Protein chains: 2
Amino acid sequence: MKTYAEAMDALGDPTRRRIFDRLAEGPASVGALADGMPVSRPAVSQHLRVLKDAGLVSDRQVGTRRVYAVDPAGVVALREYWDRFWSRAMDGFRVAAEEHASSRESGMQIKESSDGEGS
Amino acid sequence: MKTYAEAMDALGDPTRRRIFDRLAEGPASVGALADGMPVSRPAVSQHLRVLKDAGLVSDRQVGTRRVYAVDPAGVVALREYWDRFWSRAMDGFRVAAEEHASSRESGMQIKESSDGEGS
DNA sequence: CCTCTGCGTAAGTCTTCACTTACCGTAAGC
DNA sequence: GCTTACGGTAAGTGAAGACTTACGCAGAGG
């Protein structure tokens, strides 16, 4: 299974996010992607390779051109990961709020600066 | 605005993802986070700073300790960005499929290659 | 007072990686 | 056959950043 980690690493780069953003609006060839980008065409090629290895895009050959498009499978996997993460993060936040309240309640040594009470 | 880009960059690092994952299960102090991590405590501090600048975590002082927790605001912003991205990506995929079909129809040469994984 | 704990910060090192130019293979057109 | 588009790959370079150790500062407690 393509790890979500690879996808997150891939989208951690601004240029790759820009390329992926562009592909999200429709498939495009490498040259078309390189136009309107501040980097060279080989750079775009290398970024596309990373995105492809991460399972985020796929490519097909059309004549002499190579057309790239978003790979729905990778996007779905990433979205599922993010959904799990989302719920866990919300749980964690709830735990944080409860711990904050209970520790205050039980008289633990929490001298929150000189702020005193958090309203 | 700029938050989601910063958040994506922040989560592009494996160590920061690990820290954020840990915080998603509940708040923790810097020392507690550093324990069970393969990196030193200052490294964790620096990662926490990046996560905090990205709006993904918040901190409060408890005595001599500093307790970090996920910041729901940042998580919400990132999720909204992802939702928009998700729908755009799906649109792009539909466009790709349609273009693919039409080009096949017109008898063009097409060679597919996504990620070679036979069964 | 002094000490000890907990954490942030400074300074430096070293690895990663984004980008470049140059080159080579492949598909279409003459 | 040759030539011209298009794009992947190799090799090299420079900068970003992840990590370390050493140090400084604030709070809790004897």
Side-chain angles (χ1 to χ4, degrees), chain A residues 5-6 8-20 22-23 27-54 57-69 103 107-116, chain B residues 5-20 22-23 27-54 57-69 103 106-116:
Chain A
E6 228 175 328
M8 290 297 293
D9 282 345
L11 293 180
D13 181 71
T15 305
R16 278 195 290 269
R17 273 200 303 276
R18 188 165 170 178
I19 293 176
F20 196 42
R22 168 69 179 76
L23 286 180
S29 67
V30 178
L33 287 171
D35 282 350
M37 291 265 181
V39 297
S40 68
R41 182 193 52 75
V44 173
S45 257
Q46 293 164 4
H47 282 306
L48 285 170
R49 179 177 181 81
V50 175
L51 289 171
K52 182 178 172 184
D53 285 345
V57 304
S58 62
D59 64 318
R60 64 195 156 92
Q61 196 128 10
V62 179
T64 156
R65 276 189 284 275
R66 187 167 283 240
V67 176
Y68 282 82
S103 55
M108 284 176 67
Q109 304 113 343
I110 298 181
K111 265 198 275 189
E112 222 158 333
S113 296
S114 50
D115 192 328
Chain B
E6 230 174 323
M8 289 298 292
D9 282 345
L11 293 180
D13 180 72
T15 305
R16 277 194 293 269
R17 273 200 303 275
R18 189 164 169 179
I19 292 176
F20 196 42
R22 168 69 179 74
L23 286 179
S29 67
V30 179
L33 287 170
D35 281 350
M37 290 267 182
V39 297
S40 67
R41 183 192 52 75
V44 173
S45 257
Q46 292 163 5
H47 283 306
L48 284 170
R49 177 177 181 80
V50 175
L51 290 171
K52 183 178 174 184
D53 285 345
V57 304
S58 62
D59 63 320
R60 66 194 161 94
Q61 194 127 13
V62 179
T64 156
R65 277 188 279 278
R66 187 169 282 241
V67 176
Y68 282 83
S103 55
S106 58
M108 290 181 66
Q109 290 266 344
I110 293 174
K111 197 168 41 174
E112 285 244 23
S113 85
S114 173
D115 196 67

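Note that the structure is predicted; figures quoted are calculated from it, not measured. Basis for what follows: all heavy atoms, side chains included, without hydrogens, waters or symmetry-related copies. Every chain is numbered from 1 and lettered A, B, ... according to where its sequence line falls, protein lines coming before strand lines.
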Tell me every residue that passes side chain to side chain contact (heavy atoms under 4.5 Å, CB included) with [X], counting only those two or more places apart in sequence or in another chain.
X: Pro42(B); value: Ser40(B)
X: Ala34(A); value: Arg41(A), Val44(A)
X: Arg49(B); value: Asp53(B)

Is the phosphate of dC17(C), meaning OP1 or OP2, less than 4.0 Å from a side-chain N or O of His47(A)?
->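 Checking His47(A) against dC17(C): no side-chain N or O falls below 4.0 Å of OP1 or OP2.
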Below 4.5 Å, heavy atoms only, C-beta onward: do Asp59(A) and Gln61(A) meet side chain to side chain?
-> no
By a strict heavy-atom criterion of less than 4.0 Å, which residues belonging to residues 9-17 of chain B are in contact with DNA chain D?
->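 Those residues are Asp13(B), Thr15(B), Arg16(B).
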Contacts of Arg22(B) meeting salt bridge (charged side-chain N to carboxylate O under 4.0 Å, His left out) (sequence neighbours excluded), chain-then-number -> none
Check [X] against [Y] and note the closest heavy-atom contact, atom names and distance.
X: Ala28(B); Y: Leu23(B); result: N-CD2, 3.8 Å
X: Arg18(B); Y: Gly36(B); result: NH2-O, 3.0 Å
X: Leu48(A); Y: Val57(A); result: O-CG2, 4.0 Å

Partners meeting ring pair (Phe, Tyr, Trp, His ring centres under 6.0 Å) with Phe20(A) (sequence neighbours left out) | Phe85(B)
For nucleotides 2-9 of chain C, print each protein N/O atom paired with a nucleotide N/O atom at under 3.5 Å, atom names and distance only.
from, atom 1, to, atom 2, distance (Å)
dG6(C), O4', Thr64(B), OG1, 3.0
dC7(C), OP1, Val30(B), N, 3.1
dC7(C), OP2, Gly31(B), N, 3.0
dG8(C), OP1, Tyr68(B), OH, 2.6
dG8(C), OP2, Ser45(B), OG, 2.1
dG8(C), N7, Arg41(B), NH1, 3.1
dG8(C), O6, Arg41(B), NH2, 3.1

Watson-Crick or G-U stems involving DNA chain D, each at least 3 pairs long, distances under 3.5 Å, ordered by first number = C:1-30 with D:1-30
Atom-pair distance (CE on Met37(A); C1' on dT20(C)), nearest Å | 17 Å
Residue pairs, two or more places apart or on separate chains, that pass side chain to side chain donor-acceptor pair (under 3.5 Å) and touch residues 8-17 of chain B = Asp9(A)-Arg17(B), Arg17(A)-Asp9(B), Arg16(B)-His47(B)
